[in-house]
Amino acid sequence: MTDYTKPARVRVAPSPTGHMHLGTARTALYDYLLAKKTGGKFILRVEDTDLKRTVPGAEQEIMDGLRWLGLDYDEGPDVGGAFGPYRQTERREIYQQHANILINKGHAYPCFCTPERLDKMRKEQQARKESFHYDGTCRRLNPDEAARRVANGEPHVIRFKTPKEGVTIAHDHLRGDISIENKNIDDYVIIKTDGLPTYHLAAMVDDHLMQVTHVLRGAEWLSTFPLHVNVVRAFGWDEPVWIHLSVFLKPSGKGKLSKRDAEHAMKDGYSVFIKDMEELGFIPEGVLNWMALMGWGVPEDDVMSLDEMVERFSIDSLTPSPAAINFTKLDHFNGTHIRLLSDADLTARVKPFFIKAGFSVNDDLLLKISPLIRERLVTLDDCIAFAGFFFQDVVEPIPDELIAKGLDAKQSAAIARKAYEILSALPDLNHQTTEPPMRAYVEQSGLSANQVFGILRVAITGQKVSPPLFVSIAIIGKEKSLQRLKKAIEILEKM
RNA sequence: GUCCCCAUCGUCUAGGGGCCCAGGACGAAGCCCUCUCAAGGCUUAAACUGGAGUUCGAAUCUCCAUGGGGACACCA
């Protein structure tokens with residue numbers, strides 16, 4: 001069992017190379033949960049050492065995404081902290097110093113092989129159906145000569161000197177010991193020609209310097225895991241607890257998420273990018289709950305707030321197997337959490353959607369509407385479909401929909417006229433005054449409530465599906481309701 | 001191709017040798033409630049990949065096979 005009394009220091013370390021992904025968000029969530037659970041710190045570190053792939057704005061998107069989700073970090077590029085800087089490009093010298101330490105200890109060496117040579121070698125090995133591995137040319141160089149060439153300014157990289165013999169055993173908290181023969185681990189580049197480190201060095205150095213206690217990262221790192229462990233050991237440092245999280249598979253379960261899947265999801269009103277979630281009408285509570293359960297086994301009662309997750313979280317109950325993402329389940333959690341919102345909260349969240357749809361919003365009115373639509377919403381943007389008619393001056397019912405089931409236009413018109421008669425006679429159209437007389441009419445007419453109320457619904461809301469009729473009428477008010485009814489009668493009479 | 005990881009209902013998962021003719025959730029089907037749509041309540045169908053062991057006893061431990069996934073960059 002894991003000890004949760006010691007404050008953990010955990011970090012999420014995304015690279016700003018594209019949109020913030022579900023995978024990053026989920027890692028951040030687990031990081032956050034562990035940090036909060038132990039009274040520790042949650043850190044954001046930006047791994048931007050690949051200048052070519054860095055895209056402007058990506059870092060901001062990550063920070064915005066984390067904040068939108070409510071995963072506020074204690075240390076990071078824009079909030080500072082005692083272990084900064086938190087952007088790897090600002091830590092260049094640190095990595096160079098550490099690479100030198102490794103060289104001096106005999107655990108790394110400069111390599112002068114050109115990309116062209118490497119490329120040729122790679123192709124040859126491929127032709128022989130071998131996996132690529134560095135042939136060790138520069139590993140055999142005399143260290144003094146190598147140092148001289150470096151001093152002369154000759155372009156070079158620095159490679160880690162992986163032991164040739166023996167086995168490396170790395171321990172993953174979820175999978176146990178993972179052993180791999182050293183001959184299968186390449187001499188990876190740890191400092192590139194541009195002087196910046198690769199992940200293999202940078203992450204290890206930073207995790208140590210930032211006193212990270214638990215490394216949570218994607219399972220795609222499993223194959224280089226032994227290398228990383230060797231790097232840490234070469235420095236003589238203590239290892240963090242390593243936790244490799246399962247990867248997300250496409251909804252079909254066949255393969256991991258691709259660009260194509262991202263596009264496909266968009267077409268269905270979903271996204272694998274955090275930045276899209278808000279606009280699609282998802283709320284952080286729903287997204288969080290949904291993500292949390294892909295890779296974390298919770299025995300029962302799986303609807304949880306962030307705080308409840310902190311309460312219940314345990315790294316021991318994380319699961320190692322890959323998980324296919326399931327957007328239908330996102331819908332479920334989103335709807336469930338929407339239903340947990342207070343009237344005021346829901347009103348505030350739904351308001352931007354009405355504004356975006358072009359309605360001029362009245363806060364008092366919206367506050368009355370919110371409770372009516374709450375249990376009907378799967379995503380926030382559904383509010384337009386359910387309640388847009390409240391804000392419209394006129395409503396345009398589809399003529400055919402005004403005709404009740406089993407009746408014709410004439411009969412429907414008669415019912416509408418009768419309804420008009422009943423409602424117009426009332427001094428005030430509130431829920432208590434309108435429903436009884438209308439029910440009484442249904443009784444004596446021998447029609448079904450479905451038929452009568454159906455006509456009324458389409459007449460007044462303009463749609464076949466709406467919140468409860470009489471409450472809706474009360475909110476719309478007598479004048480507007482009667483106007484709409486009258487218009488419906490005219491439509492029916494013309495049919 | 002090589003190496004590594006994973007394996008319970010369609011999906012996410014509980015399960016750590018007897019409590020399991022396998023539990024929960026989503027989804028599906030049906031019923032109830034009902035002015036529509038929802039929400040809610042109840043019910044049903046639905047899984048331990050296969051084979052060898054170990055054991056009195058295996059979903060649970062071991063091995064093999066199979067299937068799936070990942071990695072094989074001067075990317076992270």
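Since the model is a prediction, treat every value here as computed from it, not as a measurement.
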Watson-Crick or G-U wobble mate for G18(B), both contacts under 3.5 Å = C56(B)
Checking all strands, does Gly218(A) fall into the base, sugar-phosphate, or nothing category for heavy-atom contacts under 4.0 angstrom?
-> nothing
Taking the C1' atom of each, how far is G41(B) from C33(B), in whole Å?
-> 8 Å
For the side chain of His200(A), starting at C-beta, report the closest nucleotide among U11(B), A76(B), C74(B).
-> A76(B)
Contact class for Tyr199(A) vs. all strands (heavy atom < 4.0 Å): base, sugar-phosphate, or nothing?
-> base
Give one of base, sugar-phosphate or nothing for Pro467(A), where a contact means two heavy atoms less than 4.0 Å apart.
-> base
Say you pick atom C1' in U44(B) and the same atom in C9(B); how far apart are they, in whole Å?
-> 14 Å
Can you tell me how far P of C26(B) sits from OH of Tyr270(A), to the nearest Å?
-> 15 Å
Here the distance between atom C1' of U11(B) and atom CG of Asp302(A), to the nearest Å, is 13 Å
Candidates C3(B), C6(B), A14(B) - which lies nearest the side chain of Ile180(A) | C3(B)
Which nucleotide in the set A25(B), A39(B), A14(B) lies at the smallest distance from any side-chain heavy atom of Glu375(A)?
-> A39(B)
Same-atom distance (P) from G57(B) to A46(B), integer angstrom = 29 Å
Just compare A73(B), C4(B), G69(B) and give me whichever is closest to any side-chain atom of Val247(A).
-> G69(B)
For atom C1', what is the distance between A14(B) and A73(B), given to the nearest Å?
-> 41 Å
Go through C75(B), G27(B), U36(B) for me and flag the one nearest to the Thr328(A) side chain.
-> G27(B)
Counting side-chain heavy atoms from CB outward, which of G24(B), C74(B), C4(B) is closest to Glu300(A)?
-> G24(B)
Distance in Å, Asp172(A) CG paired with Trp221(A) CH2, rounded so as to fall on 0.5 Å steps = 15.0 Å
Whether His156(A) and Phe112(A) hold their rings parallel, tilted or perpendicular, with breakpoints at 30° and 60° | tilted
When we call it a touch if two heavy atoms are under 4.0 Å apart, what does Thr319(A) touch: a base, just sugar-phosphate, or nothing?
-> sugar-phosphate
Pair of N/O donor and acceptor under 3.5 Å linking C35(B) base with Arg457(A) side chain = yes
Pairwise C1' distance, C72(B) and G16(B) [rounded to whole Å] | 34 Å
Please step through ring-ring contact (aromatic ring centres under 6.0 Å, His included) for the pair Tyr270(A) and His264(A), ending with a clear verdict.
-> CA-CA 8 Å; Tyr270(A) 301 108; His264(A) 196 268; over 10 Å; no
Tell me whether the OP1 or OP2 atom of A38(B) has a side-chain N or O from Arg339(A) closer than 4.0 Å.
-> no
Salt bridge check: are Asp206(A) and Arg91(A) linked by an N-O gap of less than 4.0 Å?
-> yes
Name the pairing partner of C72(B), where a pair is Watson-Crick or G-U wobble with both distances under 3.5 Å, or state none.
-> G1(B)
Nearest-Å distance once atom C1' is located in both C12(B) and G18(B) = 28 Å
Across all strands shown, which nucleotide pairs with C26(B) by Watson-Crick or G-U wobble geometry, both distances under 3.5 Å?
-> G10(B)
By nearest-nucleotide position on RNA chain B, the 5'-leaning member of Val189(A) and Arg439(A) is Arg439(A)
Cation-pi check, Arg122(A) onto Phe132(A) ring (under 6.0 Å, within 45° of axis) = yes
Mind checking Gly335(A) for me? I need base, sugar-phosphate or nothing, with any heavy atom below 4.0 Å counting as a touch.
-> nothing
Looking at the side chain of Ile178(A), which of C35(B), U36(B), C5(B) is the nearest nucleotide?
-> C5(B)
Taking side chain as C-beta onward, heavy atoms only, is Leu330(A) less than 4.5 Å from Met291(A)?
-> no
How are the rings of Tyr30(A) and Phe313(A) set to each other: parallel, tilted or perpendicular (split at 30° and 60°)?
-> parallel
Over 60° means perpendicular and under 30° means parallel, so classify the ring planes of His431(A) and Phe470(A), tilted if in between.
-> tilted
Using a heavy-atom cut-off of under 4.0 Å over every strand shown, decide if Arg128(A) touches base, sugar-phosphate, or nothing.
-> nothing
Mind checking Pro468(A) for me? I need base, sugar-phosphate or nothing, with any heavy atom below 4.0 Å counting as a touch.
-> base
Touch check for Arg374(A), heavy atoms < 4.0 angstrom, all strands: base, sugar-phosphate only, or nothing?
-> nothing
Has Lys192(A) got a side-chain N or O lying under 4.0 Å from the OP1 or OP2 atom of C75(B)?
-> yes
Looking at Tyr134(A), is Arg139(A) sitting on its ring face, NZ or CZ under 6.0 Å from the six-membered ring centre and within 45 degrees of the normal?
-> no
Check every strand shown and say whether Pro155(A) touches a base, only sugar-phosphate, or nothing at a heavy-atom separation below 4.0 Å.
-> nothing
Rounded to the nearest Å, what distance is computed from the CD1 atom of residue Ile398(A) to the C1' atom of nucleotide U36(B)?
-> 15 Å
Taking only the side-chain heavy atoms of Thr49(A) (C-beta and beyond), determine which of C5(B), A76(B), A39(B) contains the nearest atom.
-> A76(B)
Report yes if at least one side-chain N or O of Ser466(A) is closer than 4.0 Å to OP1 or OP2 of U36(B); otherwise report no.
-> no
Compare side-chain N and O positions of Lys256(A) against OP1 and OP2 of A71(B) and report whether any pair is under 4.0 Å apart.
-> yes
Give Pro322(A) one of three labels, base, sugar-phosphate or nothing, depending on what nucleic acid heavy atoms sit under 4.0 Å from its own.
-> sugar-phosphate
Should A47(B) form a Watson-Crick or G-U wobble pair with both distances under 3.5 Å, which nucleotide is its partner?
-> none
Could you tell me whether Gly454(A) contacts a base, only the sugar-phosphate backbone, or nothing, with contacts defined as non-hydrogen atoms closer than 4.0 Å?
-> nothing
Of the listed A38(B), C74(B), G70(B), the closest approach to the Ser223(A) side chain comes from G70(B)
With heavy atoms under 4.0 Å as the rule, sort Trp296(A) into base, sugar-phosphate or nothing.
-> nothing
Looking only at atom C1', what distance separates U49(B) and G69(B), rounded to whole Å?
-> 16 Å
Arg122(A) atom CZ is separated from A71(B) atom P, nearest whole Å, by 16 Å
With the side chain defined as heavy atoms from C-beta on, Thr198(A) is closest, among C75(B), C4(B), C26(B), to C75(B)
The Watson-Crick or G-U wobble partner of A38(B), with both key distances under 3.5 Å, is none
